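First comes the structure, then the notes that go with it.
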Amino acid sequence: MPMPDFNWILKMAIRDFRKNLSRLLLFVSSIVVGIAALVAISSFGENLVKDIDNQAKELLGADLVLENNKPLGEQQVDSMAIQIASEVNFASMVAFPQTGASRLTQVRALEGDFPFYGKLETIPASGDADFRSGGQKALVEKTLMAQFNAEVGDSIKVGALSFVIVGELQKVPGQTGITATVAPAVYIPLEYLEGTGLVQYGSRVEYNRYLQFTPETDVEALIKPFEDQWEIDRVDADTVEDRKRSTGRSFGNLSNFLSLVAFIALLLGCVGVASAVNVFVKEKLASVAVLRCLGVASRDVLLIYLSEIMVMGLVGAVLGSFLGTLLQFVLPVVFSDFLPVEVTVGISWKSVAFGIITGLFVSVLFALLPLLKVRNVSPMATLRPETADSTLIKDPVRWLVMLGILLFIFGFSWYLLKQVTWAVGFTGFVLVAFGALWGVGNLIMWAVRKFLPISLSYPWRQALANLYRPNNQTISLIATIGLGTAMISTLFFLQNQLLEEARFADKEDQPNMLMFDIQTAQLDAVRGRVTNRKMRIIQEVPIVTMNLNEINGIDKRENEELPDEENYSRWLYNREFRVTYRDTLISSETLTSGDLIPLGARGDSIFVSLEKGFGEGNGLKIGDELEFNVQGRPIKTYIGSFRDVKFNQVSTNFLVLFPNGVLEQAPKFHVIITKTKNDREAADVQSEIVREFPNISIINLGTIVETLEDILGKISFVIQFMAFFSIATGLLVLISSLIISKYQRMRESILLRTLGASSSIVRLINTLEYFFLGSLASLSGILLSFMATFLLGEFVFNMDFSLAWKEGLVIYLALTGLTIVLGWLNGRRIINQPPMEILRGNG
Amino acid sequence: MSILSIRKLSKTYQSGSRKLTVLENVNIDIKEGEMIAIVGPSGSGKTTLLGLCAGLDSGTEGSVVLNGHPLEKLNEDQRASVRNKDVGFIFQNFQLLPTLTALENVMVPLELKKRKDAKEKALELLEKVGLKDRATHYPTQLSGGEQQRVSIARAFANEPKILFADEPTGNLDTETGEMIEKLIFDLNKEKGTTLVLVTHDLELAAKTQRIIHIKGGKIQEDAHA
């Protein structure tokens, strides 16, 4: 075959283009949103990496941070530092005497000029300096100030001491908005820590030392000689490089995850492109047959239309990249609660190029699928039009394109996720989601066709029959709008279910208040305060802290020397275990294997019970030997059972459970779980206990629900923002498909009106058709999201599924209403004109 | 000398388990410059025969040699090349490309032949069919008769050896139809083109030199005027 005449192909493409410009623009509009999202996220990620690099020192606030759960003592590196600061931090109740309210906070007792890089931003700006000038002063996180209507100048009570608030903390280096919500901080001077009386046995205290070295110091090399000793002493050393790596990694993951969400929006757009090109091709079949008749080679016909698609793909990609570049200015605002650094915005040419190439590539790849049809059009169709539409099932090139699409999805997700298994998982997810929606769409269409009752009135039957008219886009609309709906409704349903679950816990027989860090000497008094108010003590749990010395005879040092595939997680040896003892299970626990063996039942061996996920996840088995170190005393035990623990109840749950008779004499603290009648009683008992026993921390369900709502609100805002891209793409596909099918509707409308149908009948048929279309698409999406919510609830969140039918109904009504309105806007001109106007071509 | 030679040509379609024979053992020889009409009732196989003669489709059995090219031995793209060089078409429903102007429609066969003077030649042809002033109009802006005149100009553009016309006046009123007939015959005489006309209009067929009657896929009569 001779080489194609590209000049002529281009000339023909341009000629065809003139008459199809607006319609072709519609085709590519579907990918604009996806590309915009991709470019925005990618640019944002690029800038974030740069900013993390530039602000790495501010992330840590020092050149080196040493952390331990006991006082650090003298360290050799101290003498090499030019500045040192110390911090002791722990969770404790802080009371606001003005209102009498109290709340669990993260108390940070600070000494020295930390942060050495960056600063604690306060209102007033002088707050930081004032705090460091001496005296009983405190800096309080803005979320806390807002919650308790506190003002600078008010005082707070931390343990036994009162502090004057001299500043409202706006920003702490390296800390995100989410951290501030979960554990709002209160800074007090370290010199007053002892006076608060809060550091007692059982308090989970972290000791931090911040060090600054001369600028030319190589910190990594400097700390090398000390690392082994720190490992033994369980001291955690964090350098700027470490922090940069870990922050970069987590935000790299975040940006890749967000890119995947954007990629889903792009894929939805691609379905829109394929579907629109399909209609375009069907309308072109007659012209293709004429061209073939006049002697144009099939390859050249394909190239004419492909070049049109390529130009439009390029336009869509450039437009998307431009929008994406603008959109990234919004992203730092959207993600502000999650970012530890100030993110700068700017054009990332790499991301723009990435967006343009991706857009061009996907539009061609997905358009090829229907476009390949033109290769097989017989010139005989000029004489017999019915022979024009050929099926492509047997066309090997079509299968090659499908393989190309799959490889593209896999390759793209691999590039983003960096792991083959995840990429396979994502590709599988895309296939299953589209497959499910395609299946649902087909099933519904089949059912409509099969069971369409003849007794229905004509407008209803006609509207339903329109769903499977030739060139219908029912399936592609169900896929695109359905997937967008599924994403956003899954989020709504999950969020509601999590909150419901938390609120549900507040029913009659369920506990709703938890008091912890109760010292043995305080136990009777606290018990008395609770029972005096006629509140029932639902659980009273002793807790003993311990470490793990050996697992099956292997101690920490030996474990370090074992090869990676044989050793146990280092974390097992380093963590502090909080353990209780009893011979029975509580309501949140079920035994999955082994037996709960009391002391003495099998000789003098001690059998402990492990939480299933923890035990199995760390490669431990029933019968394994564990030697614990309880306050310096070794206790040898064996794993007797695994328990499944439901962690979503207000109760104390433990990874390790000892039998009675072993730990009774060990130093311990206690937890009391009770039930208050209402919020008023909760507030009263909380303030009474905190006033009398400041070291005791209290969590009540109200606070948990509030925090959960706050966090979910922040997360869901981000997810909604991302899901918006999918919904927007779905709407664009809907609009373009309505406009594309306008000509067909016009012909049908003329025929109906020529046959004597009134405008109102035509309008009713159209409205019903949009109603069915909107209903099918949104219901498919909602159905899919119910399934996703059920599976996530069952396997990830461990909660019972409840059908969120009210939320589902709202989403259904909104989307169906929107489809009807868009349909009306699109069709109103057709209906209002006399049939002859349209027949003459003036319509 | 035959410009078109058809030997033992049959066409069978498979419809489910049933075989449908639309043409059976057709033998025709058409000389260069000859004007013939294929007539027959609806469903007699005349359009199928036209398609096979022009290389738009291939037969199940037999051979078609068009200007020395054995069509059954060529693939679809090679047949397309033969069509571009040697064949012109006029269709009942005009078959103009809707996104191209009248002038561009006529230019297509010339451009495919890489003729440098495509535009001048196309304008010349449009002038001959009386539509030079409508050159920049799109098909939807032209009447049926005008569209068919553009289609005739396009058919003669590549100076074909043989012209196939499928019910060229079938979609036109009598007056316009007569004008189109005259145009086709005049141009045909002027260019010395072979003409194969498919019609059920016996009056039109009578204006040709030879009439082939076809019924049930078989030639019933092959009569010279």
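The model shown is predicted, which means the values in this text are computed figures rather than measured ones. Chain A is the first sequence line, chain B the second, and so forth, proteins listed ahead of strands; every chain is numbered from 1.
The shortest side-chain heavy-atom distance between B:Q95 and A:L294 does not fall under the 4.5 Å cut-off.
Atom CG of B:N84 is separated from atom SG of A:C293 by 11.5 Å, given to the nearest 0.5 angstrom. Rounding to the nearest 0.5 Å places OG1 of A:T382 at 12.0 Å from CZ of B:F164. Note that the CZ atom of A:R18 and the CD atom of B:E104 stand 4.0 Å from one another [nearest 0.5 Å]. In this structure, OG1 on B:T99 lies 7.0 Å from CE on A:M12, to the nearest 0.5 angstrom. Summarising the geometry, atom NZ belonging to A:K11 is positioned 11.0 Å from atom CG belonging to B:L100; distances are rounded to the nearest 0.5 Å.
Surrounding CD of B:Q220 are more than 12 heavy atoms belonging to other residues, nucleotides or ligands, all under 6.0 Å away. More than 12 heavy atoms of other shown residues, nucleotides or ligands fall within 6.0 angstrom of atom NZ in B:K191. Residue B:K11 places its NZ atom among more than 12 non-hydrogen atoms of other residues, nucleotides or ligands, all under 6.0 Å distant. The number of heavy-atom neighbours closer than 6.0 Å to CD of B:E175, taken from other residues, nucleotides and ligands shown, is 12 or below.
Each of B:N75, B:T48, B:L52 has some count of heavy-atom pairs under 4.5 Å with chain A, and the biggest count is that of B:T48. In terms of heavy-atom pairs under 4.5 Å with chain A, the best-connected choice from B:K85, B:E167, B:Q78, B:R154 is B:R154.
In this structure, the side chain of A:D5 does not engage the main chain of B:L112 through any donor-acceptor pair within 3.5 Å. No side-chain donor-acceptor contact under 3.5 Å links B:R83 to the backbone of A:G295.
Of the two parts of B:N158, neither the backbone nor the side chain holds a non-hydrogen atom closer than 4.5 Å to a non-hydrogen atom of chain A. Proximity to chain A (any heavy atom under 4.5 Å) is restricted, for B:K114, to the side chain, taken from C-beta onward. With a threshold of 4.5 angstrom between heavy atoms, A:R292 approaches chain B through its backbone and through its side chain. Both the backbone and the side chain of B:E76 come within contact range of chain A, judged by heavy atoms closer than 4.5 Å. Proximity to chain A (any heavy atom under 4.5 Å) is shown, for B:R79, by neither the backbone nor the side chain.
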If you look only at distance, which donor and acceptor atoms sit under 3.5 Å apart when one is on a side chain in residues 65-73 of chain B and the other is two or more places apart or in another chain?
{"unit_1": "B:N67", "atom_1": "ND2", "unit_2": "B:D86", "atom_2": "OD2", "d": "3.2"}
{"unit_1": "B:E72", "atom_1": "OE1", "unit_2": "B:V64", "atom_2": "N", "d": "3.1"}

CA sep, side-chain torsions, deciding dist, call: B:V108, A:W8, side-chain contact (heavy atoms from CB on, under 4.5 Å) | CA-CA 9 Å; B:V108 170; A:W8 182 76; 4.0 Å; yes

Test log, rule side-chain contact (heavy atoms from CB on, under 4.5 Å), inputs B:L97 and A:K19 = CA-CA 11 Å; B:L97 295 164; A:K19 289 291 255 185; over 6 Å; no

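With respect to the salt-bridge test (charged N to carboxylate O, under 4.0 angstrom), the residues A:R15 and B:E111 qualify.
Qualifying side-chain hydrogen bond (donor to acceptor under 3.5 Å, both in side chains) partners for B:S58, counting only residues two or more places apart in sequence or in other chains: none.
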